[in-house]
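Beneath this line is the structure, given in structure tokens, with notes to follow.
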Amino acid sequence: MGTLILSATAVLVVLGFSNELLWLAAVGLLHLYIRHGRTRGGSAESSPSSGGAAQPASYRAYRERRDQQAKWERRYRRERPFEARRQERQRNGR
């Protein structure tokens, strides 16, 4: 969806060389996209695998990601006990 909005903005900018109203429409479209389009959860752009530090869409989404991360860490420690101990020693500075 973001690609579509950005493409439409680019078209409005190109067409706006002859009409200032199209420039205003492009700015308005970008403003709406930044204010409302990026904060909604469930879009492909805001996937947790992106690794960014973006704010979660809701507390529920935050809890689900936190619980999933804790589950992965417990599984890693269970499947690789020696590596997990070594990493723990490095974190503690021993």
Side-chain angles (χ1 to χ4, degrees):
M1 185 67 170
T3 305
L4 179 67
I5 292 173
L6 294 176
S7 300
T9 303
V11 168
L12 286 173
V13 167
V14 169
L15 294 175
F17 286 115
S18 62
N19 188 352
E20 298 86 16
L21 190 61
L22 294 177
W23 279 93
L24 290 174
V27 170
L29 188 62
L30 277 177
H31 175 72
L32 288 175
Y33 172 67
I34 291 171
R35 292 283 290 178
H36 301 289
R38 290 162 136 212
T39 59
R40 294 204 174 118
S43 67
E45 293 176 2
S46 64
S47 64
S49 63
S50 65
Q55 290 289 328
S58 67
Y59 183 66
R60 179 176 296 196
Y62 160 75
R63 273 195 340 238
E64 288 172 359
R65 282 197 305 272
R66 182 195 62 191
D67 293 345
Q68 183 67 39
Q69 182 68 32
K71 189 166 90 172
W72 288 336
E73 288 174 359
R74 285 191 303 270
R75 181 178 177 186
Y76 181 83
R77 285 194 303 267
R78 184 177 62 244
E79 292 179 354
R80 297 170 181 87
F82 297 115
E83 180 68 18
R85 280 190 222 136
R86 184 186 64 78
Q87 289 177 356
E88 189 65 33
R89 280 194 305 268
Q90 285 179 344
R91 263 187 249 143
N92 291 337
R94 293 183 188 178

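None of these values were measured; they are calculated from a predicted model.
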**Asked** So how far is it from R86 CZ to R91 CZ, rounded to the nearest 0.5 Å?
**Response** 10.5 Å
Less than 3.5 Å apart, which donor and acceptor atoms pair up between the side chains of residues 68-75 and the rest of the protein, not counting sequence neighbours?
residue	atom	partner	partner atom	Å
Q69	NE2	E73	OE2	3.2
R75	NE	E79	OE2	3.0

**Asked** With sequence neighbours left out, what residues match F82 under ring pair (Phe, Tyr, Trp, His ring centres under 6.0 Å)?
**Response** none
Can I get a per-line list of side-chain donor-acceptor pairs under 3.5 Å for residues 12-29, giving both atom names and the distance, sequence neighbours left out?
residue	atom	partner	partner atom	Å
S18	OG	L15	O	3.3
N19	OD1	L21	N	3.1
W23	NE1	G16	O	2.6

**Message:** Quick check on side chain to side chain donor-acceptor pair (under 3.5 Å): which of Q87, R80, R85 does E83 satisfy it with?
**Reply:** Q87
